[in-house]
Amino acid sequence: MIDIKLIREKPEFVMENLKKRGGDPEILNEILEIDEKRRQLLTQLNQLRAKRNELSKLVAKLKAQKSEDVQKVLEESKDVSNEIKELESDLKKIEESLNLKLLYIPNILDDSVPVGEDDSKNVEVKRWGEPRKFDFDPRAHWDFAEKDWLDFERASKLSGSRFVVLKNKIARLERALINFMLDLHTKEHGYIEIAPPHLVRRETITWTGQLPKFEEELYNTQPDDLFLIPTAEVPLVALHANEILNESDLPIKYVAYTPCYRREAGSYGKDVRGMIRQHQFDKVELVKFTKPEDSFEELEKLLSDAEEVLKRLGLPYRVVSLCSGDIGFGAAKTYDIEVWLPSYNTYREISSCSNVTDFQARRGNIRYRRKDNKLEYVHTLNGSGLAVGRTLIAIIENYQQKDGTVVIPEALRPYMNGLEVLD
RNA sequence: GGAGAGGUGGCCGAGUGGCCGAAGGCGCUUGCCUGCUAAGCAAGUGUGGGUUUUUGCCCACCGUGGGUUCAAAUCCCACCCUCUCCGCCA
């Protein structure tokens, strides 16, 4: 949620921002119109309420004096009260419609975000590592299904398309990856490990921005109206909703491993082969709460914490800064980390690191008290560190050998009981 | 699922119709005091909104939404949430 005052005071700025994202700026005019109406009504209402308060005091006073004028004042006050009731009901409707519209406005972009319509305008920031040259035809990860590692057929028997069953040593490698990532971020990067709920309330997921706009992307459970989390970002950010944090506690850094559940509505036909795009995937997520003045610096650190995972695994990657048309709804700035995948002969997203500034803090009312006792919204940041399923794919594809076996990256061997090769 | 208790400011907690935006305590800020720290003393300290050039003025907020009343933290109704005990259960 962005500040209504910003829309009121700099409408052309907010409009420009919306255009850069490819949104329709007309909604802003609607908001301004409703806001104007709201303030008029509020002024009128406040005057009436002031009058009622005054008359009520007068009643108390006259009653104490046993004055005969009481009856007249009571009647007048009753009239005022009725008028107030009507205006209050009008105001409520107006505020509901205003709030709903505000929930659909995306965050303000940082100046450094490249302007462009789609992912072709994303800007590469850096590269690390060299894509390996194969002296044989490398297999795509789904070709390893025949080794009885990945079972797509049985998965679809159980759950439909976009699910996979991991078997044997690959299942174990997945578990090793999770532990490796959690250990790295907790022991070396200073994150606190959290094991959050995977089902959350409608309210919770509104705080973080996935609702109301992206409901069709989420799995909803009935009859309790709980949502399966699409990312651990949701419960991690919501941990401090409606709280006032201490300045001295910031930045707060959390890491959590969870499965993520996404309906992937609107991505029909995309990445149908293999396990690149699944309805359920494992992810280790990083979340930070920071002071506003620190958030962009913390984004760079968050990015580097995520990059470190790929460096230790020896997987070549590049970092791109997402352009205005490709960046997410709540983000002010986003870096994607893309890992080299031989099967696609290109880099594919494996992590997304964003500074959400005060967008979620406003929605979830997450503030902190400065030394001068003033309250201020924190900034929230999130990033994958990393998407585990895609990391698994990257390892299989990048570390495969001619005989169909896969070398285990050294950093993972302690988590695999010293095993060096998957066969 | 059954029975009960409860949701008040950053925290704890008092408050059953007007004198309550709310006692008291803790915490925090500032000043004094003190070799240092701690303690002590004094003052200050809720949030949000509208309006205003400023000082200010006004309004709302005691889980949420309705209702009763001239007037609601306080009375009534519904809902949400938390806790305790019992049952069931990994």
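Because the structure is a prediction, the values reported are computed rather than measured. Every chain is numbered from 1, with letters handed out A, B, ... down the list of sequences.
Within 4.0 Å of Arg201(A), counting heavy atoms only, lie sugar-phosphate atoms of the nucleic acid but no base atom. Here Lys374(A) lies out of heavy-atom contact (under 4.0 Å) with every strand. Within 4.0 Å (heavy atoms only), Leu55(A) reaches no atom of the nucleic acid at all. When heavy atoms are screened at a 4.0 angstrom cut-off, Lys61(A) is found touching no nucleic acid atom at all. Among the heavy atoms of the strands, none lies under 4.0 Å from Arg362(A). Heavy atoms of Leu375(A) sit under 4.0 angstrom from primed sugar atoms or phosphate atoms, though from no base atom. Within 4.0 Å of Arg202(A), counting heavy atoms only, lies no atom of the nucleic acid at all.
Between C28(B) and A39(B), the distance separating the two P atoms is 9 Å to the nearest Å. The same atom, C1', is picked in G87(B) and in C79(B); the two are 26 Å apart, to the nearest Å. Atom name C1', nucleotides G9(B) and A73(B): the rounded distance is 13 Å, in whole Å. One P atom belongs to U45(B), the other to U8(B), and the distance between them is 23 Å to the nearest Å. Taking the P atom of each, G46(B) and C83(B) are spaced 31 Å apart, rounded to whole Å. For the P atoms, the distance linking U82(B) with G24(B) amounts to 33 Å, nearest Å. Distance check on atom P: C19(B) versus U74(B) gives 14 Å, rounded to whole Å. Comparing A14(B) with G6(B), their C1' atoms sit 16 Å apart, to the nearest whole Å.
One interatomic measurement links the two molecules: CG of Asp224(A) to P of C81(B), which rounds to 9 Å at whole-angstrom precision. In this structure, the CG atom of Asn46(A) is 13 Å from the C1' atom of C61(B), given to the nearest Å. Taking atom CD of residue Glu95(A) and atom C1' of nucleotide G49(B), one finds them 9 Å apart after rounding to whole Å.
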Margin query: Before you tell me yes or no, could you show the steps for Asn382(A) and Thr231(A) under side chain to side chain contact (heavy atoms under 4.5 Å, CB included), namely the whole-Å CA-CA distance, both residues' side-chain angles and the distance that decides it to 0.1 Å?
Written below: CA-CA 10 Å; Asn382(A) 65 79; Thr231(A) 159; over 6 Å; no

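Base pairing of G40(B) is made with C32(B), judged by Watson-Crick or G-U wobble geometry with both donor-acceptor distances under 3.5 Å. Base pairing of C88(B) is not made with any nucleotide, judged by Watson-Crick or G-U wobble geometry with both donor-acceptor distances under 3.5 Å. G4(B) is paired with C83(B) under the Watson-Crick or G-U wobble criterion, all donor-acceptor distances under 3.5 Å. With a 3.5 Å ceiling on both atom-pair distances, G17(B) lacks any Watson-Crick or G-U wobble partner. U45(B): Watson-Crick or G-U partner is G27(B), with both key distances under 3.5 Å. Using N1 to N3 plus N6-O4 or O6-N4 for Watson-Crick, or N1-O2 and O6-N3 for G-U wobble, each under 3.5 Å, A78(B) pairs with U64(B). Base pairing of U69(B) is not made with any nucleotide, judged by Watson-Crick or G-U wobble geometry with both donor-acceptor distances under 3.5 Å.
Set against G49(B), A60(B), G10(B), the side chain of Arg38(A) has G49(B) as its closest nucleotide. Nearest to the side-chain atoms of Arg49(A) among the listed nucleotides A60(B), C70(B), U47(B) stands A60(B). The Thr43(A) side chain lies nearest to G50(B) when the options are G18(B), G50(B), A60(B). Among the nucleotides C70(B), C59(B), G50(B), the one closest to any side-chain atom of Leu42(A) is G50(B). Among the nucleotides U47(B), C59(B), G18(B), the one closest to the side chain of Ala50(A) is C59(B). Distance from the side chain of Arg369(A) is smallest for G10(B) among the nucleotides A71(B), G10(B), G49(B). Comparing atom distances between the Ser81(A) side chain and each of A71(B), G18(B), C58(B) picks out A71(B) as nearest. Residue Lys5(A) has its side chain nearest to G49(B) when only C70(B), G49(B), G66(B) are considered.
Between G50(B) and Arg8(A), a contact under 4.0 Å exists linking OP1 or OP2 to a side-chain N or O. Lys92(A) has a side-chain polar atom (N or O) that falls below the 4.0 Å cut-off from OP1 or OP2 of G66(B). Between G18(B) and Lys57(A), no contact under 4.0 Å exists linking OP1 or OP2 to a side-chain N or O. Listed pair Asn53(A) / A60(B) meets the phosphate criterion, a side-chain N or O lying under 4.0 Å from OP1 or OP2.
Taking 4.0 Å as the cut-off between side-chain N and carboxylate O, Lys78(A) and Glu75(A) do not count as a salt-bridged pair.
With hydrogens and angles ignored, the 3.5 Å screen pairs a side-chain donor or acceptor of Glu397(A) with a backbone N or O of Ser343(A). Looking only at distances, no side-chain donor or acceptor of Glu298(A) sits under 3.5 Å from a matching main-chain atom of Lys288(A). Side chain of His379(A) to main chain of Lys291(A): no donor-acceptor pair is present (N/O by atom type, distance under 3.5 Å, no hydrogens or angles). Judged by distance alone, with hydrogens and angles left aside, the side-chain atoms of Asp143(A) form a donor-acceptor pair with the main-chain N or O of Ala140(A) at under 3.5 Å.
Using cut-offs of 30° and 60° for the angle between ring planes, the His198(A) and Tyr261(A) rings count as tilted.
Place Lys63(A) and Asp35(A) on RNA chain B by their nearest nucleotides, and Asp35(A) ends up nearer the 5' end. If you find the closest nucleotide of RNA chain B to Lys85(A) and to Ile4(A), the one lying nearer the 5' end belongs to Ile4(A).
Figure legend: Arg390(A) and Phe281(A) shown without cation-pi pairing, the cationic atom not lying both under 6.0 angstrom from the six-membered ring centre and within 45 degrees of its axis.
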